[in-house]
There are 2 protein chains.
Amino acid sequence: MDNIPKLKDIAKQVGVSIATVSRALNNKPGVGPELRKKILRAAEKTGYTVNILARGMKTRTTATIGILLSDISNPFFAAVVSSMEKVLYPRHYNLILCNTNENPEKEKRYVNLLFSKHVDGILISPVGGRSSESLCREAVRRQRKIVFFDRVIKGIEADAVVIDNRVGMYEAIRYLVNQGHKKIACVAGNNNIYTSTERESGYRESMKHFLPDVQPVVAYGNYREKDSYTATLNLLSNSDRPTAILTANNLTSIGAIRAIKALGMRIPEDISFIGFDDLAWASIYSPPLTVISQPVDIIGITAASLLLRHFEEPTPEKPQKVLLKPELIIRNSVQKI
Amino acid sequence: MDNIPKLKDIAKQVGVSIATVSRALNNKPGVGPELRKKILRAAEKTGYTVNILARGMKTRTTATIGILLSDISNPFFAAVVSSMEKVLYPRHYNLILCNTNENPEKEKRYVNLLFSKHVDGILISPVGGRSSESLCREAVRRQRKIVFFDRVIKGIEADAVVIDNRVGMYEAIRYLVNQGHKKIACVAGNNNIYTSTERESGYRESMKHFLPDVQPVVAYGNYREKDSYTATLNLLSNSDRPTAILTANNLTSIGAIRAIKALGMRIPEDISFIGFDDLAWASIYSPPLTVISQPVDIIGITAASLLLRHFEEPTPEKPQKVLLKPELIIRNSVQKI
DNA sequence: TTGTACGCGTTATCAC
DNA sequence: GTGATAACGCGTACAA
């Protein structure tokens, strides 16, 4: 009925014990070279593949790792995941994808599910807040391999790969100020989201640094296009409009630009614009958008590599915190005034 | 050492056999209501979670499904996956993500890996070609649950969810012709990719239908931005330039637009443009892009639902082929001439 | 070098 | 209603 070939089948076929077959297939010593070849050939012919579940029962490994992020439909995350896959695939690790949708409850259930599936480790861009914190702390306490990327929870002893969000905002503000701007507004996400908090802080600090007399203006778009649209609309209906807008991520940028266009304003003639995240469309936009660019590939590759290191080097080193630098890419969406 | 609570632990704690605990936890009949509650509470307290590997050994299910696609960094796929997750999560199924990168070898290894991990089924947008075909045919033969989405392999008896690519191109050409265009070029992917072949055919057929005297012009960009850029550049350096360009997917659009801009041409004044796929940026582009839009959400939801149906309804119905309709969304990137 | 036998944590099939 | 116990397929200590 279930004609998936098993160790037993190929053992019977070759006329040896399953132990020998297992050893041969796993390149373990203790099998005659002659016999090994014969076994390998038989395995090939029958189309044998290990049952990773059964193997996992013994070895306590599954070669599977879980990844938790807000939503894969956010191109930033999609790009990061893609670069993670690049390093995981050659090492034969698989990725179980989990959208948390900024929902702590969902995040919790996914983490539990992942561990009950005995993933070897998890890559996580946590939702944030109390729930995330205790969840991750508990995971670390139980010796789970876990690496944060994009977002971290402070005070947890685990590997992390993030960018210096404040520096990103600093560069943007400095550039804007150099171009003569003072009334610079920021469309952020909200304070539950680590990167939004950091970017907003970066914005506020830099404003204070360069323009101590100017009152910072922040609108909250929840990292959602629709909310960012509304938030930006409000921002721009204000009596004294900002001359420049800074966004906190790519979805925010879309919403903000949509609002700008809805009001019949042009970039950069009527308002200057700097977006966070450099996606392909930003560079072909009219005008090409000046953006704060994250090293997307490096984030993914580094995070995945850090996790792999846990599996391959048994020595439990202390957690590594990798801080990557964003880069201001100057194009044509900022007007000199 | 490995202090993950097991059935045995909570059995010992409550003073009952593991069989009873198992029954209680799985809501199976045959446990006194009193005792059941006691067991549930104990499980809760110790933080017990089933070992899905061990369960899978017995039940032959893993509540895990594999998804194979070209590259998750393509926003179209990311969106589809996100909508799949929406229907899978409530049913407690997980997704193992596999990028095939249009590489038949990689696809094959991933499929084998997935089956050796005993996924309950797979969702696949196949690479195409001989390798994909025999791979999928073999999978179906072995009673594997498999549903195609976005791309299918003809002649294989399995569920499939695709759009009517030809109709999409037809609508676009009709509109272009109505706007007075004759010299309409198409930037396709290549002939290994199902959707590209279909879209190119749709383009050619529609051209023949509406403009029997005009020679179709097709360039191949391999669904990659860079190649599409080069292909479009060639197209436009031709002595008699097309007056309109039609692309075959979103990455192609980016490359094509980049080429148009590189030549200093404007949309739609110098050249009209219709793209395939309607991503957020297309509608805020200047000018807003006329596009052939796919029902991304429906594709994902339908494909995932079809797969779930296999698990939940034991009756093996005949394969369902779902054909969705794309929609021409008219914005401002086509000039009337 | 090779084989035997046990255990990984569950679920299912028997008994009681 | 409850408890032993046999699978599930594999890896491995131990014996030969």
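Please read these numbers as outputs of a predicted model, since none were measured by experiment. Quick note on labels: first sequence line is chain A, next is B, and so on, each numbered from 1.
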Sorted by position of nearest nucleotide on DNA chain C, 5' first, the leading residue of Lys58(B) and Leu35(A) is Leu35(A)
Closer to the 5' end of DNA chain D via nearest nucleotide, is it Met57(B) or Gly30(B)?
Gly30(B)
Pick base, sugar-phosphate or nothing for Leu53(A), based on heavy-atom distances below 4.0 Å to the nucleic acid.
nothing
At under 4.0 Å between heavy atoms, what does Lys28(B) touch on the DNA or RNA strands: base, sugar-phosphate, or nothing?
sugar-phosphate
Side chains of Asn26(A) and Arg55(A) only: does a donor on one sit below 3.5 Å from an acceptor on the other?
yes
Side-chain contact check for Ser22(B): nearest option of dT11(C), dG11(D), dC10(D) is dT11(C)
Any idea which of dT11(C), dC8(C), dG11(D) is nearest the Arg55(A) side chain?
dG11(D)
Does Lys106(B) make a cation-pi contact with Tyr89(A), if we ask for NZ or CZ under 6.0 Å from the ring centre and within 45° of the axis?
yes
Residue Leu7(A), side-chain atoms from C-beta onward, closest of dT10(C), dG11(D), dG3(C)
dG11(D)
Side-chain N or O of Tyr48(A) less than 4.0 angstrom from OP1 or OP2 on dC10(D)?
yes
Mind checking if Gly32(A) touches a base, just sugar-phosphate, or nothing, with heavy atoms under 4.0 Å?
sugar-phosphate
Side-chain contact check for Arg23(A): nearest option of dG3(C), dG9(D), dT12(D) is dG3(C)
Taking atom CD1 of Ile96(A) and atom CD1 of Ile67(A), what is their separation to the nearest 0.5 Å?
11.5 Å
Expressed in angstrom and rounded to an integer, what is the separation of His118(B) atom NE2 from dT10(C) atom P?
19 Å
Would Glu107(A) and Ser132(A) count as having a side-chain donor-acceptor pair, cut-off 3.5 Å?
yes
Of the nucleotides dT2(D), dG3(C), dT5(D), which has the atom closest to the Thr20(B) side chain?
dT2(D)
To the side chain of Ala19(B), which of dG9(D), dA4(D), dT10(C) is closest?
dA4(D)
Arg36(B) (side chain) and dG1(D) (base): donor-acceptor pair under 3.5 Å
no
So, Ser125(B) and Tyr194(B): side-chain donor and acceptor under 3.5 Å apart, yes or no?
no
